[in-house]
Amino acid sequence: VVACFLAAPAAEAAAPPLPVRLAKALAVPHVARAASGAIAIDLTTYSVVYERNADVSLRPASNEKLPVTFAALRELGPYYRFRTEVLGVGRQDGAVWDGDLVLKGYGDPTLTSLGLERLAAQLKQQGIRTVTGRVIGDESWFDSKRMVAGWLRGYYVNESPPLSALAVDRDRYHGLVGTMPPLSAAARFQELLHKRGAILSYTDPHVP
């Protein structure tokens, strides 16, 4: 144990500095040094620990997610969590919810059917077995724009699902990408409620 304890600092001291390791990671065969750029920032101090061609205009491609993630971490913080809520419009009478259920999204890009199934399980825990009204998908936390300037038309639906504050499984419903994310989300939630044993007397999902 003593030998291992003494050997650890020596191994750590032998490791190259972080900038050297990052530069080595960026050394890609057949890619010129001037054709790539990088910047690494310490998220505790926001100081730059490494940069290469940081001010050169290069095509961001999929790396655009990196500054978006950094901005989200800085503005929202590492402990921020997106919410998705089930709201009731009506009242509970025993095991019956007399009214509508509203599935309200707040922009969670990672929302999946598993998350909806957990919400359905929570409703069952509240003793609700029958819903007399509709399942409504509410995406009003965002505006109604489905795409942004700069997207190629071919990206829409094929590569980038429609933007929405309420999108489940990247807006895939029964294997297809729809153009009305809240409607697909409401329909999927309704299916999961049925799976959990809830009986809905009004079967068509709805959006405001």
Side-chain angles (χ1 to χ4, degrees), residues 22-23 25-41 43 50-78 80-86 102-119 134-192 195 203-208:
L22 291 175
L26 289 173
V28 180
H30 312 300
V31 176
R33 180 182 176 86
S36 64
I39 181 168
I41 299 174
L43 293 179
Y50 176 79
E51 61 180 323
R52 190 176 89 185
N53 296 333
D55 297 323
V56 176
S57 296
L58 299 170
R59 291 185 177 182
S62 61
N63 289 337
E64 192 171 357
K65 66 173 71 75
L66 299 178
V68 171
T69 301
F70 171 71
L73 285 170
R74 185 165 187 173
E75 294 300 318
L76 302 176
Y80 180 83
R81 295 294 181 269
F82 290 98
R83 305 193 317 276
T84 301
E85 299 176 341
V86 177
V102 180
L103 182 65
K104 185 172 180 60
Y106 291 89
D108 185 356
T110 65
L111 183 61
T112 63
S113 293
L114 179 60
L116 293 189
E117 191 162 3
R118 289 170 178 164
L119 290 175
R134 304 167 296 180
V135 175
I136 301 172
D138 183 353
E139 63 170 349
S140 60
W141 190 251
F142 285 178
D143 57 34
S144 59
K145 293 180 180 179
R146 297 297 184 210
M147 59 184 299
V148 296
W151 278 13
L152 297 178
R153 281 288 176 182
Y155 289 172
Y156 182 60
V157 176
N158 295 323
E159 294 188 28
S160 302
L163 298 176
S164 174
L166 178 61
V168 179
D169 299 328
R170 289 180 56 83
D171 196 33
R172 297 192 72 86
Y173 180 67
H174 289 188
L176 300 175
V177 178
T179 57
M180 289 288 289
L183 187 60
S184 300
R188 183 64 179 135
F189 188 51
Q190 181 172 277
E191 289 178 351
L192 294 171
K195 180 181 177 181
T203 58
D204 292 336
H206 181 70
V207 293

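Below, all heavy atoms of this structure are taken into account, side chains as well, without hydrogens, waters or symmetry copies. Since this is a predicted model, take the numbers as computed values, not measurements.
Nearest heavy atoms, F142 versus G107: CZ-CA, 3.6 Å. Closest non-hydrogen pair, L192 versus E117, comes out as CD1-N, 3.7 Å. A pairwise comparison of heavy atoms in V177 and R172 identifies CG2-NH1, 3.2 Å as the closest pair. Contact record, I41 with F70: CD1-CZ, 4.1 Å, taken as the closest heavy-atom pair. Between S164 and P182, the closest heavy-atom pair is OG-CD, 3.9 Å. Between L103 and L166, the shortest heavy-atom contact is O-CD2, 3.3 Å.
From L163, atom CG reaches atom CG of D171 across 10.5 Å, with rounding to the nearest 0.5 Å. Here the straight-line distance linking atom CG of L183 with atom CD of E139 works out to 10.0 Å at 0.5 Å rounding. Here K104 contributes atom NZ and I136 contributes atom CD1; the two are 11.5 Å apart, rounded to the nearest 0.5 Å. With rounding to the nearest 0.5 angstrom, the CG atom of D108 is 13.5 Å from the CH2 atom of W141. Annotation: the span from L114 atom CG to D169 atom CG amounts to 9.5 Å, rounded to 0.5 Å. Taken from OG1 in T84 to OH in Y106, the straight-line distance is 9.0 Å, to the nearest 0.5 Å.
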Hey, mind stepping through S113 and R188 against side chain to side chain donor-acceptor pair (under 3.5 Å) and telling me if it holds? CA-CA 7 Å; S113 293; R188 183 64 179 135; 2.9 Å; yes

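Residues E75 and Y80 have side chains that never bring a donor and an acceptor to within less than 3.5 angstrom of each other.
The side-chain heavy atoms of P181 and R146, taken from C-beta on, include a pair separated by under 4.5 Å. Proximity of M147 to R153: side-chain heavy atoms (C-beta onward) are separated by under 4.5 Å at one or more points. With contacts defined as side-chain heavy-atom distances shorter than 4.5 Å, the pair R52/S36 qualifies.
Other residues, nucleotides and ligands contribute more than 12 heavy atoms inside 6.0 Å of the CG atom of N158.
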